[in-house]
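Scroll down for the structure; my scribbles are underneath it.
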Amino acid sequence: MITIIPKVEILEVEEKEINISAINIVGQISDFAKKEIEEFIIEKTAFKLSCSGYEIDFSLTCDEKNKEWYSIDMKDTKMSVVSFTEEGTYRAIQTIKQILSQKLFVLHIEDEPKNNFRAFMLDTGRYFYPVNDIKKIIDYIALYKYNYFHFHLTEDQGWRFESKKYPKLTEIGSTRSHTNFGFKKEEGFYTKEQLKDIVEYCHKRFIKVIPEIDIPGHTMSALACYPELSCFDRKLKVATHWGVKFDIMCAGKDFTYTFCKDILDELCEVFTDEFIHIGGDEAPKKRWELCEHCKNKLKELNLDNMEQLQIYFANYMADYLKTKGKQTIAWYNKFEKDDKITPNEDMILQFWGTKEDKEFCEIVKSGRRVITSNSSAYYIDLPYGYITLSDSYNTQCITGVQDNKSIFGYETCLWTEYVKDLKKAKFNMFPRVFAISEIFWSGENARDYARFLNDLDFCKKYIAKFGVEVPAKNVYNPKKVRKFFSKLWFEKRQLVWQGVYLNVDNFLLKNKVKKMNKKK
Ligand code: ACM
Ligand code: ZN
């Protein structure tokens, strides 16, 4: 009778169709939220509703409830909304907009999220997304009550964050001469003013921003600008192709530590929320194993291997961020709990494997804060042949720890190796973003796939109001043959990942170092 995605906690509907003429909101409401609902009613509904009933009641406090809690009652000719915070009111407004897009019934709703960290990640390193396109994406995720925007700002293929101290990062590092798929230059970066504008845009929608500077791996764009950041001071180019690169920042040179701290300083000036992401994924140790600086550092720290040196590097950055009042998030890398060094206890680890990862399950159960972005469900850069809508909705995040409070956060990631613009981003996002929002907001225990599939027709009509066309069912839930061809088409990427080039380059460098060492 009435559909709301993500599913609300309590929904009681009487089979009594009504017409309403006013909305009364009791609770704190921001000016922006007022404007949003008023404009929605004027532009996107056929109602002549008055929203004049705003009452800010400061006696309402949310000691017992989640700050995003709200209730909605509709009867006679009125809709009444109660919330405790501006944030709660803003989430209520997302529900109201869906209600006003359907037939109206007498109803009662009470709702709050089961998870307080519901993030969406956009990789702007592989492809540059203009500010207005980022804002569109933020509009979409706000509709589905996501509350964190993880802004992946640096990659092998492009450095997007303007630095005053290291201007070459954007003069050189923000451009790749061509891409995997064509000979066209790909370039762009965000000025600090633009980034502050994006932060403000998010905050109006009660979305916090987590910027990511991915270190020490995925840094070819920085190494191309400042060769002294690499082991062996190599003359490198901004990467043109996707794939894990062997050249990463040198963890033995003081300059690397100074550079990273300087960048973190500049990052903290722009991004005012509490979390900073320092990346740390896919950092092969081929260079570190050969490099005198890295080997000396390992010895000096009395560590056992280069993986531990990376943990030292991450802890060093996290300690620095702590002095600036920030909390650190890093991609999870395997470690043993009795290793000489382990990630700082308060560092939040972001898991991107699948639920079968036994070591990670142990970490979750140990009570450490973790974010899951299970890559068999929430990596929506992957084609529907790999992650169907059903996979996004039905995959259990981490075996044995469903809805466990120790899962600090949930995140869906839109990597962009193959998602070059907003049009493709929208194609990949919808309908999976609907499904994922429900798992994140309503919780894994509320899963009901049959009901969700029923609700999809409304979801498609509703999102069309915002200029998104959802592909056909045989695209997002493909059957065998289509699934096979979807995967095959995607895997053509294997032809252009430069694996042979990387391994030959590594072989030559190894021989050169061997010769150099002999001469000594
Ligand atoms: C990742 O997917 N490399 C975090
Ligand atoms: Zn080194």
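Every number for a ligand or one of its atoms is a count from 1 in the order of the listing. Fair warning: this is a prediction, and the values are worked out from it, not measured in the lab. Side chains are part of it too, since the values below use all heavy atoms of this structure and drop only hydrogens, waters and symmetry mates.
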Does Y320 have K261 sitting over its ring (NZ/CZ under 6.0 Å from centre, angle to axis within 45°)? yes
Verify whether the ring centers belonging to F161 and Y190 lie closer than 6.0 Å. no
Which residue holds the protein heavy atom closest to atom 2 (O) of ligand 1, what is that atom called, and what is the gap in Å? Y379 OH, 2.6 Å
Closest non-hydrogen protein atom to atom 3 (N) of ligand 1, residue and atom name please, with distance? D281 OD2, 2.6 Å
Atoms in ligand 1 flagged as close to W331, the criterion being non-hydrogen separation under 4.0 Å: 4 (C)
For W352 and ligand 1, does the shortest N/O to N/O distance drop below 3.5 Å? yes
Contact check, side chains of I387 and Y378, non-hydrogen atoms, under 4.5 Å: no
Please report, to 10°, the angle around the Zn ion (ligand 2) from atom SG (C250) across to atom SG (C231). 110°
When the aromatic ring centroids of F117 and Y410 are compared, is their separation below 6.0 Å? no
Any N/O/S atom, side chain or main chain, of H293 closer to the Zn ion (ligand 2) than 2.8 Å? no
Do NZ/NE/NH1/NH2 and the carboxylate oxygens of D233 and K253 come within less than 4.0 Å? yes
